[in-house]
Amino acid sequence: MRYDSITEAIGNTPLVRIDPAVHGLRNIDLYAKLEMLNPFGSVKDRPAWHMARSHLEAATGGDGTLVELSSGNTAKALALLAGMHGVRFKSVTNRMRVPEIKELLLLIGAEIEELPGRSECLDPTDTDDPLTHFHRALSDPGSTYLHTDQYFNPRNVEAHAEGTGPEIVKDLDGRAPDWFIACVGTAGSSTGVAKVLREHDPRVRVLGLVAHKSDFIPGIRTIDEVHEVGLFDPATYDTIESVTSDEAIDGMITLIRRCGLLSGPTGGAAYQGTVRQLRYADGELDGTGQRRTAVFIVCDRAESYLGYVRQRRPELLGRTAQERSATAVTDAEARAEARVIGVDDARRWSAEGDPRPLVVDLRSPHAYAALHIEGSVNIVDEVFEDLLRGGLPFSKRTPVLLACPVGEKSLRYAAALKRMGHPDARSLDGGIIAWRDAGAPLVRE
Amino acid sequence: MDAPLYLRPRVDPPLAALLSDRPFLHSLVDVLGSPLNVLLPDAVAENVARFRAVYGRHHLTGRVYFAHKANRSSALLRRLAAEDPAAVGVDVASVDELRHALGCGFTGDRIMATGPKDAAFLWLAARVGATVSLDSPGELERLSGLLRAHGLGRIAVLVRLSGFEYTSGPGGAGTRLLSRRSRFGTPLRDTDALLSALERNAETVEFVGAAYHLDTTGVEEKARALEQCVLFMDECRARGLAPRALDIGGGFGVGYVAEAEEWGRWTTALTEAVLGVRPPLTWRGHGYGLRNEGGTVRGAAALYPAYRPTAGPGYLDELLSLPAPVLGRPPASLLLEHLHDLHIEPGRSLVDQCGLSLARVLDVRPVDTGSGQYLVQLAMNAGDMSLEEHGVLVDPVLLPRGEAAPGDGEPVGVYLAGNLCLEGDLITRRLVFLPRLPRAGDLLAFVNTVGYAMDFRAHHAQRQPVARTVAVERRGESWHWCPDEDYWPITPVGEQSDEV
């Protein structure tokens with residue numbers, strides 16, 4: 001394969017059979033359309049290019065800005081395409097909820113505008129949503145924005161009607177599958193593919209998957225939110241079902257660990273929703289000798305969703321829900337074992353001690369820079385914790401005075417130092433706050 | 001008829017016990033008339049304790065200031081005045097609120113004066129040694145002039161900031177978090193003039209810290225504002241000023257509806273009704289701000305998010321635990337490490353579960369033949385109970401006058417109309433489902449509407465009676481009551497005491 005441009009690598013993604021031993025359906029062949037293998041990593045590469053191509057080719061070298069409402073894959077694809085054509089890209093979003101995607105967008109060079117949240121004290125005169133304000137700003141005369149408008153642009157649907165749908169038919173030897181399952185975000189892929197499949201065979205059943213109402217699955221809308229999408233037409237779907245984030249992660253883990261497909265949670269939701277939905281149909285087929293085919297879409301890859309998984313299922317990443325401290329001192333043990341010193345004694349000790357103690361301030365560098373005990377060194381608690389994992393960071397001949405805001409963290413570290421064999425580590429009782437309240441001097445640098 | 005779409009209220013223990021004593025509530029309305037507001041002063045203290053527990057968990061010091069505007073009650077204010085002065089204060093936004101707070105037992109040093117201020121308000125605040133939250137350099141100059149002209153002592157001031165939008169990252173690439181524009185406070189980028197004015201007037205005002213109030217449910221926006229204020233206060237320290245308190249305002253929210261499922265079902269049904277795929281569930285197909293544009297829903301529902309998984313103290317805890325965008329540490333650590341006190345000004349969430357509003361049913365009739373829907377007219381109007389104005393959707397609890405026979409009646413959809421001769425005087429424009437059809441003489445109890453909905457705007461229109469307000473207290477097996485204005489935390493409710 002030799003290409004002149006990366007855009008030529010968009011589309012023609014593989015259709016891979018899922019091992020029946022994994023999904024357990026006896027009479028249905030299940031295939032995954034691996035949209036995650038598009039060059040920018042997702043199903044959105046197709047509509048992004050299809051919607052933006054004419055804008056970008058016309059605008060090359062100009063000073064326009066491509067703008068889209070997206071917090072994820074469409075933004076990623078458009079930002080890369082815009083960059084290739086010397087055009088700026090701005091993503092406007094209700095909330096960037098996946099931090100890795102946000103950082104990736106920044107790396108690509110996108111600008112991100114996050115819209116404000118809902119009003120707490122209701123203003124009944126303000127019933128326009130932020131998106132309506134946004135659309136109004138774009139349609140201002142003299143606006144230089146090129147808006148791809150993925151939720152309303154028919155070229156979004158067209159990209160799938162011309163690409164994704166025909167590819168599925170071709171790979172199934174000219175037949176449409178009996179079921180097609182897609183998660184509904186912009187409704188572009190489900191609408192475009194369904195249209196093509198039904199032209200081939202009007203009996204194809206289309207299942208749309210949405211996120212459970214109070215849940216969040218990246219890239220999928222909830223049953224209320226789909227109604228805000230211009231491309232969404234309930235008639236496209238024979239059934240609309242909801243999936244939870246738990247199911248999405250379960251499905252994602254199955255695809256990754258058992259099928260070798262490095263899918264993200266949206267693909268996981270599609271898989272899990274598919275199997276859940278088809279189990280009944282599969283049972284009906286038992287003993288009839290008939291075989292059926294189903295296709296679902298794997299939208300994107302896993303890597304960007306580690307934070308999402310970490311937050312919801314930390315055990316999958318080898319973590320416990322509550323990280324245990326490396327120094328492993330309980331509060332009770334700290335209180336029993338650690339040496340504390342009151343502010344007055346600490347002042348005398350640090351001024352007249354022989355040798356004088358090393359004062360360690362465990363707060364963040366910013367707080368330390370703003371105000372601290374003169375002569376103290378700053379080692380942030382997290383760094384200090386790491387240091388202790390490696391061993392005793394001070395000479396046993398150097399007494400240590402540990403200080404944190406209220407004397408709680410320093411107490412635990414004083415106990416840990418004692419356990420590690422340090423003869424004279426003390427915690428400042430009441431912390432820097434007690435020090436200040438006693439009128440003891442704090443300096444600024 | 002479709003399955004009833006309930007939005008049943010969250011009712012916590014003390015309020016639940018009160019609600020279950022139907023004869024007592026009926027007797028109150030018989031004597032004092034409908035509408036009637038009933039307050040539980042002890043519940044406000046309980047809420048303070050919950051907020052204080054969050055402070056404790058994060059080792060933070062500072063005050064919980066009750067935002068007086070949420071409720072004009074004397075009983076609530078006096079109950080709060082009896083709390084630890086170091087922990088509880090009151091935030092007043094007018095000279096009358098200031099007088100009321102003083103009259104209820106708050107000393108000046110526990111009072112924060114905020115909002116638009118006229119000369120009388122500023123003078124009285126200065127006279128009693130309240131802390132003044134300043135909106136602008138101009139207000140600071142006016143205050144200083146007043147202090148000099150009347151020979152008043154130096155007073156503590158906070159500066160209220162706004163405009164926390166920022167762009168990060170080099171070369172135009174970066175993140176810009178938009179904020180709803182606020183009418184209040186000095187934009188962060190214009191604080192130079194404010195700081196110069198503070199330095200210039202140092203002999204009249206003592207600069208004690210910064211404040212913000214953001215009208216948003218978005219916790220990230222608040223975390224960002226909080227961090228920006230901490231950075232601003234560092235800048236102040238670098239200039240030789242010594243601020244030590246950050247007031248993060250209120251807006252912690254209240255969960256009115258008990259079940260997430262009911263809230264989810266109702267809001268989905270609203271969207272479907274707006275799209276025309278199900279019958280309307282509001283008076284004349286009102287969409288609460290949603291509209292149908294060619295089969296697509298546009299606009300935003302003007303509704304308070306009535307079911308909330310975290311509200312009040314839980315919301316504060318969440319805010320204090322989020323990582324801040326620039327420095328990466330959670331706001332609680334930022335405050336603690338920079339040695340700042342935290343002040344909060346909850347209004348609505350401090351009066352959560354503090355009471356209920358009662359209205360007597362005047363008349364019940366079908367909306368039209370065959371609709372199965374009824375119009376229930378109440379001895380109360382939309383001004384007494386401004387649920388609609390605040391977008392709060394929650395079902396009232398039906399308190400029948402007599403004993404209902406078992407299996408007495410079926411669930412029914414009703415519109416709740418007020419007692420004014422106005423087509424628009426609906427208590428709620430939503431079809432409200434009740435477990436059975438009410439009768440004239442029954443009571444409807446709007447639970448937990450004390451914050452805002454009870455008397456934010458209650459008025460004397462059309463000479464209809466304005467809601468009386470009473471404070472109630474459980475003693476042994478029975479409830480005792482007294483008029484709101486007669487409540488004192490040192491005297492058992494409903495008794496006179498000469499003892500000191």
Side-chain angles (χ1 to χ4, degrees), chain A residues 88 92 95-96 102 105-132 151-152 212-214 222-224 227-234 362-371 380 404-406 408 431-433 436 442 444, chain B residues 59 61 169 171-180 214-221 230-231 233-234 237-238 250-251 253 260 264 267-268 271-272 275 277 288-290 294-305 309 327-329 333-334 336-339 348 388-392 452:
Chain A
R88 301 195 332 167
V92 182
R95 276 291 172 266
M96 280 281 166
K102 183 169 169 175
L105 283 173
L106 293 174
L107 179 70
I108 297 170
E111 284 172 61
I112 301 170
E113 258 185 29
E114 295 185 66
L115 296 165
R118 291 287 309 275
S119 176
E120 164 67 29
C121 301
L122 193 75
D123 176 0
T125 59
D126 181 21
T127 55
D128 270 344
D129 58 322
L131 302 190
T132 305
Y151 292 104
F152 288 83
H212 207 65
K213 185 155 170 177
S214 54
T222 68
I223 189 63
D224 288 358
H227 293 299
E228 296 161 8
V229 176
L231 301 177
F232 176 79
D233 176 3
L362 297 163
R363 297 173 303 152
S364 68
H366 198 266
Y368 172 81
L371 278 181
V380 184
C404 71
V406 289
E408 188 197 39
I432 308 271
I433 287 177
R436 177 202 62 187
L442 290 167
R444 186 186 166 82
Chain B
H59 307 292
T61 47
T175 305
R176 189 172 139 87
L177 225 152
L178 305 177
S179 281
R180 206 173 288 278
L214 292 184
D215 177 17
T216 177
T217 54
V219 77
E220 293 89 355
E221 281 162 84
V230 168
L231 295 173
M233 279 159 65
D234 277 350
R237 277 181 177 165
T267 45
T268 295
T271 304
E272 290 168 358
L275 285 173
V277 300
Y288 284 106
L290 297 181
T296 301
V297 171
R298 302 303 284 268
L303 295 177
Y304 187 83
L327 301 173
R329 296 219 141 198
S333 303
L334 285 181
L336 198 55
E337 295 188 336
H338 286 78
L339 318 180
R348 194 201 293 259
E388 283 294 297
E389 191 181 349
H390 298 294
V392 173
Y452 284 56

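Values in this document were obtained by computation on a predicted structure and should not be read as measured data. Throughout, protein chains are lettered first and strands after them, A, B, ... in sequence-line order, and every chain is numbered starting at 1.
Considering every non-hydrogen atom in both B/Thr268 and A/Asp224, the closest pair reads OG1-OD1, 2.8 Å. The shortest heavy-atom contact between A/His227 and B/Thr271 is CD2-CG2, 3.7 Å. Smallest separation of non-hydrogen atoms from A/Gly230 and B/Thr296: CA-OG1, 3.5 Å. Closest approach of A/Lys213 and B/Gly264 over heavy atoms only: NZ-O, 2.5 Å.
Only the side chain of A/Ile223 comes within less than 4.5 Å of a heavy atom of chain B; its backbone N, CA, C and O stay farther away. With a 4.5 angstrom heavy-atom cutoff, B/Arg329 touches chain A only via side-chain atoms. For B/Leu336, the parts sitting under 4.5 Å from any heavy atom of chain A are the backbone and the side chain alike. With a 4.5 Å cut-off on non-hydrogen atoms, B/Leu339 touches chain A through its backbone and its side chain both. Heavy-atom distances place no part of B/Thr61 under 4.5 Å from chain A, backbone and side chain included. Contacts of A/Leu231 with chain B are absent, with no heavy-atom separation under 4.5 Å from either backbone or side chain.
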Check step by step if side-chain contact (heavy atoms from CB on, under 4.5 Å) holds for B/His338 and A/His366. CA-CA 8 Å; B/His338 286 78; A/His366 198 266; 3.2 Å; yes
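Side chain of B/Glu337 to main chain of A/Ser364: a donor-acceptor pair is present (N/O by atom type, distance under 3.5 Å, no hydrogens or angles).
Across B/Ala238, B/Gly295, B/Ala260, B/Ser333, the residue that shares the most heavy-atom pairs under 4.5 angstrom with chain A is B/Ala238.
Separating the CD atom in A/Glu408 from the NE2 atom in B/His59 is a distance of 3.0 Å, to the nearest 0.5 Å.
Evaluation of the ring pair (Phe, Tyr, Trp, His ring centres under 6.0 Å) rule for A/Tyr368 yields A/His372 as partners, not counting sequence neighbours.
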